[in-house]
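Below is one structure, written out as structure tokens, with a few remarks after it.
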Amino acid sequence: MRILIIFISFFLISCEDDLDCCTMPPLYNLELRYNGDRLEFSRISVLSNPASSPAFPEHAFDFNSNNESFEIYGLKNTIDVYVTLSFFCTADGENHTKEVKADFYEDRTTVLLIERVIGCEPTIQVIYE
């Protein structure tokens, strides 16, 4: 019984020192908006620290719609996050990727807005709502 009390006391004391152990990681919202038919998006990857080795994305989502919303938990960094979009281009029949830097905020949605495509090259505007 004493060991259990000691363990619980130790756990509660450590939580007071480090509040992160007792709270949920922050939630970030990401949205892709594209209403055209030239690009068919299939995957989005989020990498908040490209200097880490190996540089694997913390979050990757497969999808089959050009207008999608994603919830991301626990980004290590929220400024200048690398977001990579993978897509098929109907104009040349090939797969492509496009990378963009974006910031993430707990109280705002990060939107990747694509209104213009030249050839198979989308112009991605990052907006915050």
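When reading the values below, keep in mind they use all heavy atoms of this one structure, side chains included, and skip hydrogens, waters and symmetry mates.
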For the ring pair Phe63 and Phe70, is the centre-to-centre distance below 6.0 Å? yes
Looking only at heavy atoms, what is the nearest atom pair of Leu39 and Cys120, with distance? CD2-O, 4.3 Å
Between Val117 and Thr123, is there a side-chain heavy-atom distance shorter than 4.5 Å? no
If you count heavy atoms of other groups shown closer than 6.0 angstrom to CG of Asn64, is the number above 12? no
Mind running side-chain contact (heavy atoms from CB on, under 4.5 Å) on Phe87 and Thr97 for me, showing each step along the way? CA-CA 6 Å; Phe87 57 92; Thr97 60; 5.8 Å; no
Start with the C-alpha distance between Arg33 and Glu68, add both sets of side-chain angles, then the distance that settles salt bridge (Lys or Arg N to Asp or Glu O under 4.0 Å), and finish with yes or no. CA-CA 7 Å; Arg33 292 186 193 159; Glu68 290 279 336; over 6 Å; no
Can you tell if the side chain of Asn29 reaches within under 4.5 Å of the side chain of Ile72, non-hydrogen atoms only? no
May I ask you to decide if Phe41's main-chain N or O and Asn66's side chain share a donor-acceptor pair within less than 3.5 Å? yes
Residues Asp103 and Asp80: closest non-hydrogen pair is OD1-N, 2.8 Å
Are any side-chain N or O atoms of His59 and backbone N or O atoms of Glu71, one a donor and one an acceptor, separated by less than 3.5 Å? no
Please report the interatomic distance CD1(Ile44) to OG1(Thr84), rounded to the nearest 0.5 Å. 8.5 Å
Shortest non-hydrogen pair, Leu75 vs Thr78, comes out as CB-CG2, 4.2 Å
Distance alone, cut at 3.5 Å: any donor-acceptor contact between the side chains of Ser48 and Glu58? yes
Rounded distance [0.5 Å steps], CG in Asp92 versus CZ in Arg38: 9.5 Å
How close do Gly119 and Cys89 get, heavy atom to heavy atom, and via which atoms? O-SG, 4.1 Å
Sidechain-backbone polar pair: Thr110 side chain, Leu30 backbone, donor-acceptor under 3.5 Å: no
Please assess Val100 against Leu112 for the test side-chain contact (heavy atoms from CB on, under 4.5 Å), listing each intermediate value before the final yes or no. CA-CA 9 Å; Val100 65; Leu112 307 180; 4.1 Å; yes
CG-CD1 distance between Leu113 and Ile124, expressed to the nearest 0.5 angstrom: 10.0 Å
Residues Tyr82, Lys101; criterion side-chain contact (heavy atoms from CB on, under 4.5 Å); working and verdict: CA-CA 5 Å; Tyr82 291 84; Lys101 283 186 183 180; 3.0 Å; yes
With clusters defined by side-chain heavy atoms of hydrophobic residues (ILVMFWY) lying less than 4.5 Å apart, directly or transitively, does Tyr105 cluster with Val83? yes
Can you tell me if Asp62 has over 12 outside heavy atoms packed within less than 6.0 Å of its CG? yes
Could you walk me through whether Tyr28 and Glu106 satisfy the side-chain contact (heavy atoms from CB on, under 4.5 Å) test, starting with their C-alpha distance in whole Å, then the side-chain angles of each, then the deciding distance to 0.1 Å, before giving a yes or no? CA-CA 5 Å; Tyr28 303 99; Glu106 285 183 60; 3.7 Å; yes
Would you call Lys98 and Glu121 a side-chain contact if the rule is heavy atoms closer than 4.5 Å? yes
Test item: Arg108 side-chain N/O and Tyr128 main-chain N/O as donor-acceptor pair under 3.5 Å: yes
Can you see which heavy atom on Asn77 is nearest to which on Val81, and at what distance? O-CG2, 3.4 Å
